[in-house]
Amino acid sequence: MAEEEAKKVEPESCVEAPPPVAAEPPKDVAEEKALVVPPPPSVEEKADDCKALAIVEKEPEAVEEKKLEGSINRDAVLSRVATEKRMSLIKAWEESEKSKAENKAQKKVSAIGAWENSRKATLEADLKKIEEQLEITKAKYIEKLKNKVAYVHKAAEEKRANVEAQRGEELLKAEEVAAKYRATGTGPKKLLGCF
């Protein structure tokens, strides 16, 4: 696989490559660096001229650097993957805990609602019972009061009847005494009780 990475496919120019420079005597390193290779003609101009491809191998040093970079990158990628995995686990745990807390709170709220409803129902039943008892007590008191009113009315009627009877007796007595006085021709000794 390393060999495949080392090879790179580049378009080969149709124009013949410049002939290799004849072997020259060795020069100083500074002189070699000073030598500048002219840039190849632009790719756009030659795109129509040729379609052939050539395989170019890179230097082994670049491959070793690539391997080192790949190892470093792999470690960084593995570290990043581990961090992302840890973060996703933390996020999943957080969501799970939030969900548990929500469910727990919802369960408690519904239990409180059920408790409230049962208490209300019990209190309303007690209230109805008390209202019924009050209605019964009220009816009893009303009945007693009506009986008392009837008793008072009856007593008043009896007293009125007694008064009427007494009046009738007194009128008869007065008529009898008046008839006696007329028959004897004498007058009453007292006309009025206040004289």
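Note that the structure is predicted; figures quoted are calculated from it, not measured. Start at 1 with the first residue, then count along the sequence.
Rounded to the nearest 0.5 Å, atoms OG (S118) and CH2 (W115) are 7.5 Å apart. If you take CD1 on I136 and OH on Y141, they are separated by 13.5 Å, rounding to the nearest 0.5 Å. The CD atom of E124 sits 9.5 Å away from the OG1 atom of T122 when rounded to the nearest 0.5 Å. Note that NZ of K138 is 11.5 Å distant from CD of E131, once rounded to the nearest 0.5 Å. Taken to the nearest 0.5 Å, the CG atom of N147 stands 12.0 Å off from the CD1 atom of I142. Annotation: the span from L172 atom CG to E176 atom CD amounts to 6.0 Å, rounded to 0.5 Å.
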Audit row: V149, K146, side-chain contact (heavy atoms from CB on, under 4.5 Å) steps and yes/no: CA-CA 5 Å; V149 168; K146 283 183 179 180; 5.5 Å; no
Just do the salt bridge (Lys or Arg N to Asp or Glu O under 4.0 Å) check on E116 and K120 with the steps written out, would you? CA-CA 6 Å; E116 179 186 16; K120 280 183 179 178; 3.5 Å; yes
R80 and V77: CA distance, side-chain angles, deciding distance, side-chain contact (heavy atoms from CB on, under 4.5 Å) verdict: CA-CA 5 Å; R80 188 171 57 242; V77 168; 3.5 Å; yes
Does the pair E158 and K154 meet the rule for a side-chain contact (heavy atoms from CB on, under 4.5 Å), with working shown? CA-CA 6 Å; E158 287 175 1; K154 182 179 176 186; 3.6 Å; yes
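Between M87 and I90, some side-chain heavy-atom pair lies under the 4.5 Å cut-off.
Salt-bridge annotation for K128 and E132: absent, with no side-chain N of the basic residue lying under 4.0 Å from a carboxylate O of the acidic one. Under a 4.0 Å N-O distance rule, the pair K100/E97 qualifies as a salt bridge. Under a 4.0 Å N-O distance rule, the pair E94/K98 qualifies as a salt bridge. Under a 4.0 Å N-O distance rule, the pair E164/R167 qualifies as a salt bridge.
Under a 3.5 Å cut-off, the side chain of T184 and the backbone N or O of K180 do form a donor-acceptor pair. In this structure, S79 contributes its side chain and D75 its backbone to no donor-acceptor pair below 3.5 Å. Judged by distance alone, with hydrogens and angles left aside, the side-chain atoms of S99 form no donor-acceptor pair with the main-chain N or O of E95 at under 3.5 Å.
E157 CD: more than 12 foreign heavy atoms inside a 6.0 Å radius.
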